[in-house]
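Being a predicted model, the structure only gives us computed values, none of them experimental.
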Amino acid sequence: MKTANTISLTRMGWLLRYSWKLNKGHYLAFILSIFLIISILFGVILFSNAGMLNMLKEPYRTSNIFGYAHGLFLSGYFIICLLWVGQSFLALRNPQNAKSYLMLPASNAEKYIVELSIKMAGLFIIYPIIFWVASNLGLGLFQLFGPLFFTNVTIDYIGILEWKEFWLLEDFGEQLFFIKLILLGLFALIPSLIWAGSLIFGKYNFIGMPFSFIVVYLAISATSIVLSWIMFPETITVNEQVKFEILNVDKPEILPETPLIIIMAAIWIWLAVILSYVVAYFKLTEKQV
């Protein structure tokens with residue numbers, strides 16, 4: 001049964017309820033696992049650092065944990081992308097379930113939007129909330145039990161918007177905007193490639209996605225480097241006779257203090273983000289045929 005490629009909020013709501021009924025055990029188990037893992041990690045870090053500082057007779061403040069929080073959040077982000085976003089459209093991995101799923105009275109666009117909404121909500125809304133609650137739970141447990149083992153313990157909880165130091169980028173001059181654009185692009189590229197991989201590679205996504213990351217990285221780097229090299233190579237002379245043309249990453253400057261290689265890297269990264277979602281959609285339509 002095929003449905004016209006239209007979008008109906010009623011059908012999308014029905015698909016959401018269907019997905020929850022079918023996968024709620026999986027969703028709840030995943031959320032609980034992530035919550036417990038983050039809490040335990042914070043506890044391990046706090047107790048190990050507090051023990052060291054206590055031996056040195058130095059006051060211990062858990063504000064030092066903010067540096068760890070950034071690293072744990074980013075590490076968790078990548079893991080969530082792989083284990084959550086990368087496990088999309090699970091029904092399509094089993095022939096019998098795939099037939100039932102594809103026969104649902106909903107268009108390809110509706111199935112795509114609903115599944116993408118579930119995965120992105122988990123990644124960008126539920127995961128940050130879980131991380132914040134679990135990390136502060138770890139701090140609270142340390143506040144409760146830490147004084148039994150250590151002295152000079154002062155608790156500083158992690159605020160909801162305690163990420164002012166996340167951007168440690170202030171020395172790039174006019175390039176700062178594009179450097180941030182590149183970093184945000186890489187941050188967005190990870191889930192987009194993994195999302196596409198869930199439809200392209202299926203159950204082999206764990207193997208296919210690392211390979212895809214390498215290919216995309218090499219393609220973006222090579223394209224940017226070759227363009228800069230062709231348009232403005234730097235020539236060096238040896239013994240006033242032999243000349244070599246080498247890459248000059250600082251030239252040409254398209255904008256003040258901003259070389260072409262920086263701008264092109266930002267453009268290619270965001271194009272890769274967009275194309276990943278487009279390719280994934282057409283891959284889903286192929287399965288519907």
| said: Please report the interatomic distance OG(S88) to NZ(K119), rounded to the nearest 0.5 Å. | reply: 4.5 Å
| For W270, all residues meeting ring pair (Phe, Tyr, Trp, His ring centres under 6.0 Å), sequence neighbours excluded | none
| Less than 6.0 Å separating the ring centroids of Y18 and Y101? | no
| note | Rounding to 0.5 Å, atoms CE (M264) and CG (L271) come to a distance of 8.0 Å
| query | Quick one: are the ring centres of Y281 and W195 less than 6.0 Å apart? | reply | no
| query | If you count the non-hydrogen atoms of other residues, nucleotides and ligands that lie under 6.0 Å from CG in L28, is the total more than 12? | reply | yes
| query | Within a strict 4.5 Å, meaning less than it, do heavy atoms of the L123 and C81 side chains meet? | reply | yes
| Say you draw a straight line from CD1 of I129 to CD1 of I126; how long is it, rounded to the nearest 0.5 Å? | 7.5 Å
| Quick check, are the ring centers of F73 and Y127 under 6.0 angstrom apart? | yes
| task | State, to 0.1 Å, how close L189 and A272 come at their nearest heavy-atom pair, and which atoms those are. | result | CD1-CB, 3.7 Å
| task | Verify, without hydrogens or angle tests, whether K283 (side chain) and S198 (backbone) share a donor-acceptor contact under 3.5 angstrom. | result | no
| field | Between OG on residue S276 and CD1 on residue I200, distance to nearest 0.5 Å | value | 8.0 Å
| said: Could you check whether Y77 and F187 have their ring centres less than 6.0 Å apart? | reply: yes
| request: Apply side chain to side chain contact (heavy atoms under 4.5 Å, CB included) to I40 and list each qualifying residue two or more places apart in sequence or on a separate chain. | output: V44
| Going hydrophobic residue to hydrophobic residue with side-chain gaps under 4.5 angstrom, can you get from I194 over to L90? | no
| query | Is there side-chain contact between I31 and I130, with at least one heavy-atom pair below 4.5 Å? | reply | yes
| message | Between L102 and L92, is there a side-chain heavy-atom distance shorter than 4.5 Å? | response | yes
| said: I'd like to know whether I34 forms a side chain to side chain contact (heavy atoms under 4.5 Å, CB included) with F131, so could you lay out the CA-CA distance, the side-chain angles of the two residues, the decisive distance to 0.1 Å, and finally the verdict. | reply: CA-CA 8 Å; I34 296 299; F131 185 88; over 6 Å; no
| query | Quick one: CZ on R17 to CG on L22, what's the gap to the nearest 0.5 Å? | reply | 14.5 Å
| remark: Heavy-atom nearest pair, M103 first then K99, reads CG-O, 3.0 Å
| query | Are I80 and V85 side-chain neighbours, meaning at least one heavy-atom pair lies under 4.5 Å? | reply | no
| query | T285 side chain to F282 main-chain N or O, any donor-acceptor pair under 3.5 Å? | reply | yes
| message | So, using side chain to side chain contact (heavy atoms under 4.5 Å, CB included) as the criterion, who are the partners of L32 when residues are at least two apart? | response | L36
| field | Shortest non-hydrogen separation from L284 to N108 and the atoms involved | value | CD2-O, 3.7 Å
| said: Is there a side chain to side chain contact (heavy atoms under 4.5 Å, CB included) between F42 and N136? Walk through the geometry before answering. | reply: CA-CA 9 Å; F42 267 88; N136 281 295; over 6 Å; no
| task | Nearest 0.5 Å please: distance from the CZ atom of F178 over to the CD1 atom of I182. | result | 9.0 Å
| field | Heavy-atom pair with the smallest gap, counting every atom of M120 and P191 | value | CE-CB, 4.3 Å
| query | Ignoring hydrogens and geometry, is there a side-chain-to-backbone donor-acceptor pair from E110 to S107 under 3.5 Å? | reply | yes
| task | Check the side chains of S19 and Y27 for a donor-acceptor pair under 3.5 angstrom, ignoring hydrogens and angles. | result | yes
| Would a 4.5 Å heavy-atom cut-off, applied to side chains only, mark I118 and W84 as touching? | yes
| said: If I compare all heavy atoms of I113 with all of M12, which pair ends up nearest, and what's the gap? | reply: CG2-CE, 3.4 Å
| Do L275 and L186 belong together in a cluster built from hydrophobic side chains that touch within less than 4.5 Å? | no
